[in-house]
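What follows is a set of notes on a single structure, which appears directly below.
We're numbering straight along the sequence, starting at 1. Atoms within each ligand, like the ligands themselves, are counted from 1 in listed order.
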Amino acid sequence: MKIVVKIGSSSLTTVTGDVDHGAVAKLCAEVADLINQGHQVVVVTSAAITAGLGPLGFSSDNRPSEPELLRAASAVGQIALMATYKGHLASNGLMAGQVLLAPTDLWHRKRYLKSRGTLQALLGQGIVPVVNENDAVADDEIQFGDNDRLAALVAHLIEADALVLLTDTAGVFTADPRRDADASLIEEIIEVDQHLESVAGGPGSMAGRGGMASKLAAAKIASWSGVETTIAKAGRSNVISDAVDGIAGTGTVFRARRQRLPARKLWIAFAVPALGRLVVDSGARHALVEDRRSLLPAGVVKAEGSFRADDAVEVVDEDGAVFAKGLVRWDRTAIDDQAGRSTHELPDDLPREVVHRDDMVMLPR
Ligand code: GLU
């Protein structure tokens, strides 16, 4: 099996913000067990920023807000983090390979394939890829921001069989267990829907950026990638193999959809940020959703946001409900000029479709 294990900052650092050697040692021993059983494992690790704050003179209570200081902290913390992984993997006879990814590595097809090739080569050599976001040069506007989503995209990238998100709670609860004594663990989730998102929403601890909302978003991406996700407590013994073996009570399991969305569509739906919106009329909505047609200018009511041809945009109905996302073939100005026109009225230099159906994905709701 190919397994992606993501572990959050709060599970990897001590209260003072240092890398928790015991936590890394436990994780590495479990990874080694899985590899000895013949599985391939990619680790997605957080905590570079948290581990770098102390050396820069900050603590978790006076975390700086300036992005450049956080980037600087990550540059320092990432080394401490990797040194710890290197040591503990080596004690288990394994080699670590650091892979730092930025969103653009997954948006551009060539780089996406290159990133996949690197991960496959590492796995093929029996090396454990240890992935993090390239925080030191992350762009505030376009960073992944949380490693949950990054881990789901990595799971998709390598066509993993399972994604395990390790955190400091036992999974998803019916209510916030920190505030409600009656909250109980949800063991199985078939589909992430809006109700669940509203129950589980809200950021988690101070150390990480993820929280439960970003874990649900990650589980959704993984599910559409055909990958089963488990959210479980990092401190539980044998947590990864129990999750992979489907042992009841390990955490919350999100079932994968039977149909894996093709890589390109998944990439459009979840990896590329939307830079604008196209509001379409009910006829166009029907043509897109029911008949899987391309979006033509006649059905476009108006455009919002600032985008150019080839950027990603959301497609919304006149009530503002987002139901699709796609790569637009026209610049915003062309849409402003031509929205509502029928195809034969268009200037010759414009493509016939505003969004071609091959570049569009109907979004899960
Ligand atoms: N990439 C960030 C780090 O290593 C963590 C993001 C997160 O908390 O998910 O510090």
Give yes or no for whether the N/O distance cutoff of 3.5 Å, strictly under, is met between Asn132 and ligand 1. yes
Proximity flag Ser9 to ligand 1, non-hydrogen atoms under 4.0 Å:
yes
* Look at the aromatic rings of Tyr112 and His156 and report parallel, tilted or perpendicular, splitting at 30° and 60°. => tilted
Quick note on ligand 1: atoms under 4.0 Å from a heavy atom of Ile49 include exactly 3 (C), 10 (O)
Salt-bridge test for Glu191 and Arg255: reply yes if a basic N is under 4.0 Å from a carboxylate O, no otherwise. no
Ligand 1 to Ala47, heavy atom cutoff 4.0 Å, flagged ligand atoms 3 (C), 4 (O), 10 (O)
**Message:** Using side-chain heavy atoms (C-beta onward) and a distance below 4.5 Å, is Asp310 in contact with Val328?
**Reply:** no
- When clusters are formed by joining ILVMFWY residues with side-chain heavy atoms under 4.5 Å apart, either directly or through shared neighbours, do Ile35 and Val4 land in the same one? no
Residues pairing under side chain to side chain donor-acceptor pair (under 3.5 Å) where one sits in residues 311-321, two or more places apart or in two chains, turn out to be Arg277-Glu314, Arg285-Asp317
Practice prompt. Compute the shortest N/O to N/O distance between Asn147 and ligand 1 and return yes if it is under 3.5 Å, no if not.
Written response: yes
The atoms of ligand 1 lying under 4.0 Å from a heavy atom of Ser46, numbered in the order shown, are 4 (O), 5 (C), 7 (C), 9 (O)
Of Leu81, Asp146, Asp135, the residue with the heavy atom nearest atom 3 (C) of ligand 1 is Asp135
Practice problem: Consider every N or O of Thr50 and every N or O of ligand 1, then say whether any pair is closer than 3.5 Å. | Solution: no
Verify, without hydrogens or angle tests, whether Glu353 (side chain) and Leu295 (backbone) share a donor-acceptor contact under 3.5 angstrom. no
